[in-house]
Amino acid sequence: MNTAHRLRQSRRLAGTALMAAVICVATGCQSHDSTTPPASPFVISPAAAFAGSTVTIHGSDFRALGTGAAALTIGDTDVTLSRLDDTTMSALVPATAGGVLTPVLKLNQRQVQLAPITVFGFADLHTYDTFPIEPVVWPRTGHAVIMGFAFFTDLEFIDLDTKTITNYPAINCCLNSPGATYQDSVFVFRSRDDSLEAWRVLPVPTRIASAAGFGGGSGWEALQLGPDRWLRASKYQISTPTGLTSIVQPQGSYMSPRHDRAMFGALAASGGPSLGTPLATVPVFAVPSGTVAYLSPLAAVIGVDFSPDGELLAMVGGSVYIGAIKRIVLLRAATGEVLGDTTIDRNVYAVAIDPVRPLLYVSTMTAMRPTVLVLDRSTFRVLGEMQAPAFAFAQADLGSFIQGGVIALNSQNGLYLFWKQTAWRFTLPEP
């Protein structure tokens, strides 16, 4: 082959390559060496979901598949698919899932990666070397902070976001939890001489008032309704401005942000020694009178939360402590009108009203896994079930888990379930 012929052939090849490049740009073709995967023929929705909720997968390729010919893996869990129609299947997001995950659809011998989804669920846990006996979620300033008494004496603040503890030694004697009052930032403590003391706790705890005589050292909880009005609870009775009411082992004190309603949680409304007027269910008191505003629907109240505006009152519990404590109720706080009421298949331990989302959170246990249920506040439908990893609870712990567990939220889309020395963190969607 002579030099002129080789030159003409080289020019023809260069022209052909140039034309191919032009056509490729015009048509959007890709090289075989490209690392960009082809678009999936299946669409999963929603793109963000609570653990324990339902997602759907849509694709025309489902038409050719028989029942059971498709499977789904989310994270490290194989999930059962249910057919909704000839092109759509549904699946439950694993209750243990959390984070950004890429589901994998398995079709016979074929595997297809779906678009990543964000799962709101368990994130991490942290264990502390101390803990309050009956913590209170306070102050509610955007940080998830709990306050309570360690060893029944030291006032502690635990910032669950920063994992820091602030301790004020020997402020209280013998009350189980800081008593709520009619004043913001003021709580009731008890002195060693049995006096009730009102303390402004921020920025530094400062005693501002004292009332003598709690009664022979038998007090468990206290509420201040006004300058000279108190509710004082011992193991089996509540002393009110108008008389005595029966109760069994009060469990924390609660005051509405409106300062118009107050209550104690309790393992039972009546029972034990007859030390006061027996009531069928746990009472809610009017403030400042101390009279019974109405009776709650529950004979045992394990967890309580008011909405930030004081409009709503949520509580969990049941019949009695040794019976079924599987009920969740939402009330209009002023009147006691029941807005939502449901019973689940597991014992319930704590409740929280979301301050910005129309949601309600309830803690329970699922096969040794601390669990938070997410409920729609309007319909009471369960929207999600977020489970933490299995925890090494002793059998005695499971009985006491209902005492001292709380749910705390922050403004960074985080939720904590705190019990004893451990805080489990879960993620939430943007408001």
For a 4.5 angstrom cut-off between non-hydrogen side-chain atoms, does [X] reach [Y]?
X	Y	value
Ile407	Leu415	yes
Pro278	Thr245	no
Leu409	Tyr361	yes
Thr281	Pro297	no

Counting only heavy atoms not in [X], do more than 12 fall under 6.0 Å of its [atom1]?
X	atom1	answer
Arg258	CZ	yes
Gln412	CD	yes
Phe391	CZ	yes
Asp85	CG	yes
Arg207	CZ	no

Please find out if less than 6.0 Å separates the ring center of Phe149 from that of Phe189.
->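 So the answer is yes for these two rings.
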
Does Trp220 have its ring centroid less than 6.0 Å away from the ring centroid of Phe264?
->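 No, ring centres 6.0 Å or more apart.
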
Indicate yes or no: does [X] engage [Y] in a salt bridge with an N to O separation below 4.0 Å.
X	Y	answer
Arg140	Asp305	yes
Arg190	Glu197	no
Arg63	Asp86	yes

Modelled atom types, side-chain donor and acceptor of [X] and [Y], under 3.5 Å:
X	Y	value
Arg357	Asn413	yes
Glu385	Thr371	no
Thr153	Asn172	no
Thr56	Ser45	yes

List for me each residue that meets side-chain contact (heavy atoms from CB on, under 4.5 Å) alongside Asp184, sequence neighbours excluded, and say none if there are none.
-> His259

Pair Trp138-Phe187, ring pair (Phe, Tyr, Trp, His ring centres under 6.0 Å): steps then yes or no | CA-CA 11 Å; Trp138 196 89; Phe187 289 85; 4.9 Å; yes

Phe380 vs Leu360, side-chain contact (heavy atoms from CB on, under 4.5 Å): CA-CA, chis, key distance, verdict = CA-CA 8 Å; Phe380 252 46; Leu360 189 70; 4.0 Å; yes

